Each structure stands twice: as C-alpha cells, then as structure tokens.
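Quick one: this structure, given as structure tokens, is what I'll be asking you about.
Note that ligands are numbered from 1 as they come in the structure, with each ligand's atoms numbered from 1 the same way. In this chain, numbering begins with 1 at the start of the sequence shown. All heavy atoms count here, side chains included; hydrogens, waters and symmetry mates do not. Every value quoted in this text rests on a predicted model; they were computed, and no experiment measured them.
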Amino acid sequence: MSDAPVALVTGSTSGIGLAVAEALAAAGYRVLLNGLGSAEQIEAARARARAHGMEVDFREADLMQPAEVEALVRYCEQRFGRIDVLVNNAGIQHTARVESFPVEQWDRVIALNLSACFHAIRAALPGMQARGSGRIINIASVHGLVASEEKSAYVAAKHGLVGLTKVTALENAESGITCNAICPGWVLTPLVQKQIDARAERECCDKAAAERQLLREKEPTLRFTRPEDIGAAAVFLCSPAGDNVTGTTLAMDGGWTAR
Ligand code: NAD
C-alpha cells in the first residue's frame, strides 16, 4: 500500500529493533530497516518484516557518523515520501570501571546511543512538523533511570536520551508530534547474551546459571522482557490512544526500578 504510514527503525537487523519493525509492519506500516550485519542477517531481517505484507526496505548506515544518520533520514523521506514514526533503537554496550574505561569506547557509546538519536530527530522533525504529526520513540533503557556499576558511558548516554526525549516532547507539544522513551530492563538479545557469556566465563558457571544470577540481581519478576513486548509498546505509542502520551518513560523492567 503506497499510502500506508512509514516507520524508520534504526538498528533493526537484530534484537529489539527487528521486533519493533515487525510489530509496526504487522500494524500496517511501511518500514525502513537499518543496521549492521552480514548479507544473510540483513536478508533474514528483511524477510521477517516483509512477512506481514507491507513494503520493507533496508538502508545501511553507520550511525556513529552524523552525516550517515542524516543521509538515512533523507533516504527514507525520498524512498517512501515521509516519516511518520522514527524509532531510535541502535545501541551498543561496553563495560569497565570509570578509571579504566577506554576513551575510544566512551566516544563510540555516546556517539551511537545518544548523539545519533539527536541527529536523527533533528533531521526528521521538519518533515513531521510540516505535516503536523509524528511519533518519535527512543529505545532508552532502565539505565536511563537508574545506574549500574561498570556502565558509565551507557548510563550517561541513556540518561541523556531520556532528557532529549523530554525536550523534544516539550518543543513539539502543540504540533501533533509525540516523543517518548521505552526503558527496558533485561531483554535476551545478542547485546545481553554477550554479558551473560562474560559472566559465565568470569564465574566459571554455565550459561543458564549466569542468566539466573543476572535476573536475580535486578529483576524481581526473574523474567526477561520479550523483544515482541517492546514492539507492542511501540505500536501502542503510535496508536490514537497514544495521542496525548508525550515526554514520558515507559519502564518495561520486571520491577527493577520499583525497588
Ligand atoms: P542488538 O545488539 O541485538 O541490536 C543492536 C542493533 O544496532 C543491531 O541491528 C546492530 O546492527 C545495530 N547497530 C550497532 N552498531 C550500529 C551502528 N554503528 N550503526 C547502525 N546500527 C548499528 O541489541 P538490542 O539488545 O536489541 O538493543 C537495542 C536497543 O535496546 C539498544 O539501544 C539497547 O541499548 C537497548 N536496550 C536493550 C536492552 C536489552 O536487555 N537487550 C535493555 C535495555 C535497552
């Protein structure tokens, strides 16, 4: 359907981004996927999103480069005519104590998890403002609300992203554009699997035991949030019921921040 609304989802070749892209395609959006990965991984992501019968395209862009963020937004506008929904999802993690945190890793995490979101919002807003409607969803984290040790860059970036969400919401409050942040706790994706594997190696335990430890430390429900749950939350924020939901954070964290 060439007049269907359009969603741009960054970092949608895997994990949460792919689940959000699939949920939006199932809800009737044409989707532009983006991310890194092998040709097979990109084709598999494209096939999963296309299974819902909507038009799906993919555009590679290294979002650590501001010019590539802007080019991605422009490509989406040219390819599909507009952007109704922007989901800033691409993100990375690096763990180390502050005094030994590699400077280049700090710069990478801030560039992708915070600055790329600013560049995408900055580039997409004029089109949304001209049409008087739009939805911006930032996939922040529970780490946009509280901190954990050894995650200085990630926690700083995600707190910054929550702040950027609020400012964007306020500046566009009367323009039909909403901006919100979803703040997941643990979601079992490649990003978290790396942390489980590292823990299993460090503690000399098996991966199942490392998973249980990870959950017990932080999530009272002792469950992972599923990627498709984040997709459903994004669909809600894009629905008419989300018209007056703006500048807020939706924690999907199994009670992590209730403690
Ligand atoms: P993931 O590693 O499965 O996916 C990350 C995506 O970002 C991939 O598509 C990857 O190709 C893309 N990406 C990485 N570097 C990129 C770059 N330079 N340019 C463009 N794309 C790039 O991770 P995930 O767990 O699905 O995380 C997605 C988002 O959710 C991140 O922002 C993450 O911080 C956030 N988050 C995840 C969890 C969790 O438990 N998994 C919890 C809270 C928040």
Salt bridge or not for E70 and R74, using N-O below 4.0 Å?
yes
Taking 4.0 Å as the limit for heavy-atom contacts, which would you say applies to T189 with ligand 1: side chain only, backbone only, both, or neither?
side chain
What's the separation between atom CG in N138 and atom CG in N113, rounded to the nearest 0.5 Å?
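Going from CG on N138 over to CG on N113, the span is 11.5 Å.
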Looking only at heavy atoms of F224, does any of them come nearer than 4.0 Å to an atom of ligand 1?
no
Check: H159 main-chain N/O paired with H143 side-chain donor or acceptor under 3.5 Å:
no
Is there a polar contact between ligand 1 and S141, counting only N or O atoms under 3.5 Å apart?
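S141 vs ligand 1: no N/O contact under 3.5 Å.
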For W186, atoms of ligand 1 separated by under 4.0 Å from a heavy atom:
40 (O)
Under a heavy-atom criterion of less than 4.0 Å, does G37 contact ligand 1?
no
Within the structure, is a non-hydrogen atom of G185 found at a distance of less than 4.0 Å from ligand 1?
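Yes, G185 has heavy atoms under 4.0 Å from ligand 1.
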With only distance considered, is L63 within less than 3.5 Å of ligand 1 through an N or O on each side?
yes
Is ligand 1 under 4.0 Å from a heavy atom in the side chain of L191, in the backbone, in both, or in neither?
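The part of L191 near ligand 1 is both the backbone and the side chain.
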Pairs meeting criterion side chain to side chain donor-acceptor pair (under 3.5 Å) with involvement of residues 228-242, two or more places apart
R226-D229
Kindly indicate, with the supporting measurements, whether the criterion side-chain contact (heavy atoms from CB on, under 4.5 Å) is fulfilled by D243 and R135.
CA-CA 9 Å; D243 277 354; R135 293 284 197 265; 2.8 Å; yes
Proximity flag K158 to ligand 1, non-hydrogen atoms under 4.0 Å
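Yes.
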Counting only heavy atoms, which portion of A140 has something under 4.0 Å from ligand 1: side chain, backbone, both, or neither?
backbone
For V192, take its heavy atoms, then give the atoms of ligand 1 lying under 4.0 Å from any of them.
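So the atoms of ligand 1 that pass are 39 (C), 40 (O), 41 (N).
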Taking only non-hydrogen atoms of G11 and a 4.0 Å limit, the atoms of ligand 1 in range are 6 (C), 7 (O), 8 (C), 9 (O), 12 (C)
For ligand 1, note which part of N113 has a heavy atom under 4.0 Å away: side chain, backbone, both or neither.
neither
Ligand-residue contact atoms, ligand 1 with D62, heavy atoms, under 4.0 Å:
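Answer for ligand 1: 17 (C), 18 (N), 19 (N).
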Out of L33, I42, N89, N88, who is nearest to atom 29 (C) of ligand 1 when you count heavy atoms only?
N89
Applying salt bridge (Lys or Arg N to Asp or Glu O under 4.0 Å), run through R59 and D57 and close with a yes or a no.
CA-CA 7 Å; R59 178 79 170 184; D57 193 7; over 6 Å; no
If you measure from each non-hydrogen atom of P227 to ligand 1, which part falls under 4.0 Å: side chain, backbone, both or neither?
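It is neither part, as no heavy atom is under 4.0 Å.
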Counting heavy atoms only, name the option from D253, L36, L188 that's nearest to atom 16 (C) of ligand 1.
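It is L36 that holds the nearest heavy atom.
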I'd like to know whether ligand 1 has A116 as a neighbour, heavy-atom separation below 4.0 Å.
no
Tell me which pairs pass side chain to side chain donor-acceptor pair (under 3.5 Å) where either residue lies in residues 172-181, with sequence neighbours left out.
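Listed by first then second residue: Q129-N172.
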